Amino acid sequence: MPDETTHTAEVIIKGIPASPGIAIGPAFLFHKQAPVIREKSIAPEETAAEVARLEQAVARSHKELRKILEFAQSKLGEDKAKIFEAQLMILEDAVLFDSVYGRIRSELKNAEFVVYDEIGKYHRMMLSAKDEYTRERAHDVEDVRNRILRNLQEERLISRLEGSSIIVSQNLTAADTLILSRNDVLGYVTDIGGVTSHTALLARALKIPAVVGARTISQTVRPTDRMIVDGYSGTIILNPSESTLRRLEQKREEFKRFEERLSELRELPAQTLDGHRVELSANVEFEQELEFTRLQGADGIGLYRSEVLLIGKEVFPTEEEQFEQYRLIVEAMYPQRVIIRTFDIGGDKLMVNSTKENNPFLGWRGIRVMLDKPELFLDQLRAILRASTRKNVSVMFPMVSSIKEVRSAKRFVEEAKDQLRKAGIPFDEKIKIGVMVEVPAAAVIAENLAKEVNFLSIGTNDLIQYLLAVDRGNDVVSGLYQEFHPAVLRFLRRIIERGKRKDVWVGMCGEMAGDPLATILLLGLGLDEFSVVPNVLPEIKKIIRSVKYKEAKKIAKHVMTLETEDEVKAYLRGIMKDKFPDIPTD
Ligand code: PEP
Ligand code: MG
């Protein structure tokens with residue numbers, strides 16, 4: 001008779017890889033009941049006691065969160081612990097709690113109901129945001145609310161486990177992830193969440209493998225199930241067979257060795273065997289990524305997507321708010337360079353109240369929006385300039401398609417400088433200016449663009465979609481979205497050659513820069529800077545450091561004679577298999 005409480009056959013489930021590493025062990029199901037809330041009326045003479053009960057619950061929540069914050073600071077450092085500071089700020093929000101206490105008194109309702117309802121309004125508003133980041137932050141609000149409710153109902157959570165296990169849960173809050181890590185946690189798996197979720201961010205900081213967004217995993221797994229969590233590929237295997245187990249154990253060992261070797265590269269330059277140096281920097285969106293970026297050995301930040309400050313918001317952040325954020329990043333990276341891209345709003349990155357367009361990718365996007373909104377553009381440019389006093393900041397414009405746009409944008413930079421000068425506020429007079437080459441028209445006029453600016457940065461994510469007429473987010477045509485399409489490669493060669501002809505450096509911040517299959521080719525085409533997601537940085541550095549520039553140039557020359565994407569990939573895969581058998585290129 002098969003045991004009813006465990007799966008007998010191997011089950012494979014795909015989720016989103018959130019923190020690298022492979023965990024093998026038993027599942028621990030972490031179930032948190034959603035609080036059950038009943039609406040109750042209270043008598044006027046009971047209000048004082050109800051308010052006092054809530055005050056106690058809030059004070060207790062405060063105490064708990066302070067403890068968690070201290071634990072986070074000691075275990076993860078100030079930067080990562082900020083998540084819990086944000087939660088404390090919600091608890092200390094006087095406006096919010098004034099209205100909660102006010103409603104208990106005026107509506108004569110029980111504290112649980114009013115807390116649930118009032119904080120629930122914020123939560124719903126954040127959950128309906130279009131961007132993942134704000135939706136993820138909605139969990140902080142929910143977590144604070146549930147903490148207060150638990151304390152009102154005097155419930156305690158179990159966070160002590162026996163032995164080592166893989167935590168499986170529908171969702172994990174930041175506090176859950178951290179508190180559970182006091183046990184011997186081998187891995188985390190959750191039904192929901194994305195790569196920017198707290199579970200993902202904290203798991204990476206704690207160096208514990210994690211897979212998020214595994215849909216119904218918490219209902220599929222049973223408590224005694226043995227499981228494998230592959231945080232590299234996002235695969236979860238329940239009750240693995242002996243042969244799967246052996247294969248994954250071997251993969252775990254190989255990756256461990258591989259990562260040890262990669263971490264040795266951290267301090268070394270991205271330089272070829274024959275001494276050709278390139279810049280290897282990182283694409284960053286959230287301040288929480290900075291520490292990891294530095295640890296990965298980045299030369300700086302090649303793309304800071306400033307529009308993350310806007311997404312899901314109804315109003316633009318003020319100059320002051322922006323300045324604080326830019327300064328934080330710039331200081332954290334100093335003396336390394338940080339390229340701040342001005343807001344690339346539009347396309348798929350919409351604010352709450354963005355205008356609806358039939359064809360947003362061909363619409364009001366990037367520099368087009370900012371040129372039409374001088375006040376907002378000047379706010380941002382002043383904030384960037386103010387953050388540039390250490391001289392490690394550059395500014396970059398997205399979605400440029402003409403010289404006229406670049407000249408207008410530069411005039412705004414001059415105006416912002418003038419305003420700061422008049423106000424006696426310091427900034428880097430010689431701040432470098434660059435443009436993204438991500439519209440085919442910009443690629444065609446690369447040489448002219450290069451005369452206007454200090455650098456070009458190729459945005460292949462958009463360039464490919466516009467050049468090949470393939471929507472970058474449409475699964476139906478994803479097979480046609482080809483990085484190695486000869487037309488794309490010819491464009492890349494052209495942009496690099498023309499840029500360099502005018503003595504500006506040419507970088508790439510599109511995803512292609514972080515594709516190991518493209519590294520030797522891009523190097524051989526003469527790319528000066530690779531800006532990649534921090535995860536892949538050591539791998540790309542390893543490739544660069546293992547080839548000769550002379551050889552890369554020869555390879556690139558040959559690639560340019562090939563006529564189809566398949567031929568290009570097959571040729572490059574052959575080279576990679578030969579030189580780097582341990583780097584996956586599929
Ligand atoms: C690009 O288009 O390649 C790019 C880096 O910009 P984004 O992905 O933010 O549009
Ligand atoms: Mg782009």
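This structure is a prediction, so every number in the text was calculated from the model and none was measured. Atoms within a ligand are numbered from 1 in the order they appear, just like the ligands themselves. Each residue takes its place number in the sequence, starting with 1.
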Taking only heavy atoms of Arg365, which atoms of ligand 1 are found under 4.0 Å from at least one of them? 10 (O)
Should Asn454 and Trp505 be marked as a side-chain hydrogen bond (donor to acceptor under 3.5 Å, both in side chains) after you check the CA-CA gap, both sets of side-chain angles, and the distance that decides it? CA-CA 7 Å; Asn454 304 105; Trp505 63 261; over 6 Å; no
Of all the N, O or S atoms in Glu438, which one sits nearest to the Mg ion (ligand 2)? OE1
Compare Ala513, Ser531, Cys509 and give the one whose heavy atom is closest to atom 5 (C) of ligand 1. Cys509
Pick whichever of Glu307, Arg472, Met436 has a heavy atom sitting closest to atom 8 (O) of ligand 1. Arg472
Should the pair Lys500-Glu447 be classified as a salt bridge under the 4.0 Å nitrogen-to-oxygen rule? no
Taking 4.0 Å as the limit for heavy-atom contacts, which would you say applies to Arg341 with ligand 1: side chain only, backbone only, both, or neither? side chain
So the atoms of ligand 1 within less than 4.0 Å of a heavy atom of Glu438 turn out to be 1 (C), 2 (O), 6 (O)
Side chain, backbone, both or neither: Asn283 near ligand 1, heavy atoms under 4.0 Å: neither
The atoms of ligand 1 lying under 4.0 Å from a heavy atom of Asp344, numbered in the order shown, are 10 (O)
Is the backbone of Glu319 close enough, under 3.5 Å, to the side chain of Arg382 for a donor and an acceptor to pair up by distance? no
Under 3.5 Å, side chain of Tyr466 to main-chain N/O of Phe361, donor-acceptor pair present? yes
In this structure, which one of Glu415, Glu414, Gln419 forms a side chain to side chain contact (heavy atoms under 4.5 Å, CB included) with Lys417? Glu414
Where the closest heavy atom to atom 10 (O) of ligand 1 is concerned, which of Asn461, Ile458, Asp462 has it? Asp462
Under-4.0 Å heavy-atom contact with ligand 1, by part of Met512 that carries it: neither
Can you tell me if Arg545 and Gln271 form a side-chain donor-acceptor pair at under 3.5 Å? no
Determine, stepwise, if the pair Ser281 / Asp299 fulfils side-chain hydrogen bond (donor to acceptor under 3.5 Å, both in side chains). CA-CA 5 Å; Ser281 41; Asp299 285 328; over 6 Å; no
Of all the N, O or S atoms in Asp462, the one nearest to the Mg ion (ligand 2) is OD2
Closer than 4.0 Å to some heavy atom of Leu303 - which atoms of ligand 1 meet that? 5 (C)
Distance (rounded to the nearest 0.5 Å) between Ile339 CD1 and Arg305 CZ: 13.0 Å
